[in-house]
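Heavy atoms only: backbone and side chains are in, while hydrogens, waters and symmetry mates are out.
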Amino acid sequence: MESDIRFYRRRACEELSAANRAVTKSARERRMLMAGIFLERLKALDPSGRAADDSAASDLPAFQWANEVSAERA
């Protein structure tokens with residue numbers, strides 16, 4: 001059986017990948033929202049930040065970097 005930490009990490013990665021493939025802006029926003037939910041749950045399980053990526057464990061909003069990347073691509 002998969003641990004909660006591993007599940008939330010996997011689902012966040014899947015949603016981020018789906019957001020990158022999204023065709024419409026609204027689809028991308030929904031996927032990013034879901035990824036954010038999984039990252040928040042991941043952070044709640046491991047407050048030290050060890051389970052999350054270093055960039056996601058910072059005090060910045062979870063998806064500030066994603067918005068910057070998508071703005072650069074546009």
Side-chain angles (χ1 to χ4, degrees):
M1 181 181 284
E2 190 173 31
S3 71
D4 288 342
I5 290 173
R6 192 169 180 162
F7 172 78
Y8 291 137
R9 182 184 301 138
R10 179 177 57 82
R11 289 294 293 135
C13 288
E14 288 172 355
E15 291 298 332
L16 287 172
S17 295
N20 285 332
R21 294 187 308 268
V23 176
T24 65
K25 183 178 179 181
S26 62
R28 181 183 181 281
E29 290 171 356
R30 283 192 307 270
R31 294 295 191 162
M32 294 297 282
L33 180 64
M34 288 300 297
I37 290 169
F38 288 120
L39 282 175
E40 291 303 318
R41 291 180 183 179
L42 180 61
K43 288 179 187 179
L45 287 176
D46 191 9
S48 68
R50 288 177 294 146
D53 182 61
D54 290 337
S55 61
S58 70
D59 292 335
L60 297 174
F63 295 107
Q64 181 177 357
W65 60 268
N67 291 334
E68 291 172 1
V69 168
S70 66
E72 290 174 3
R73 289 182 183 174

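Residues forming a side chain to side chain donor-acceptor pair (under 3.5 Å) with Arg30 (at least two apart in sequence, or on another chain): none. Residues passing the side chain to side chain donor-acceptor pair (under 3.5 Å) test with Glu29, sequence neighbours excluded: none. Applying the salt bridge (Lys or Arg N to Asp or Glu O under 4.0 Å) rule to Arg41 yields no partners; only residues at least two apart in sequence or on another chain are considered.
Residues Ala12 and Ala35 come closest through the heavy atom pair O-CB, 3.9 Å. The minimum heavy-atom distance linking Met32 with Leu16 is given by the pair SD-CD2, 3.8 Å. Leu45 approaches Asp4 most closely through the heavy-atom pair CD1-CB, 3.4 Å.
Taken from CG in Leu42 to CZ in Arg11, the straight-line distance is 13.5 Å, to the nearest 0.5 Å. To the nearest 0.5 angstrom, Arg10 atom CZ is 10.5 Å from Ser3 atom OG.
If you run side chain to side chain contact (heavy atoms under 4.5 Å, CB included) between Ser17 and each of Glu14, Arg21, Glu15, only Arg21 comes through.
At a threshold of 4.5 Å between non-hydrogen side-chain atoms, the residues Val23 and Arg28 do not count as touching.
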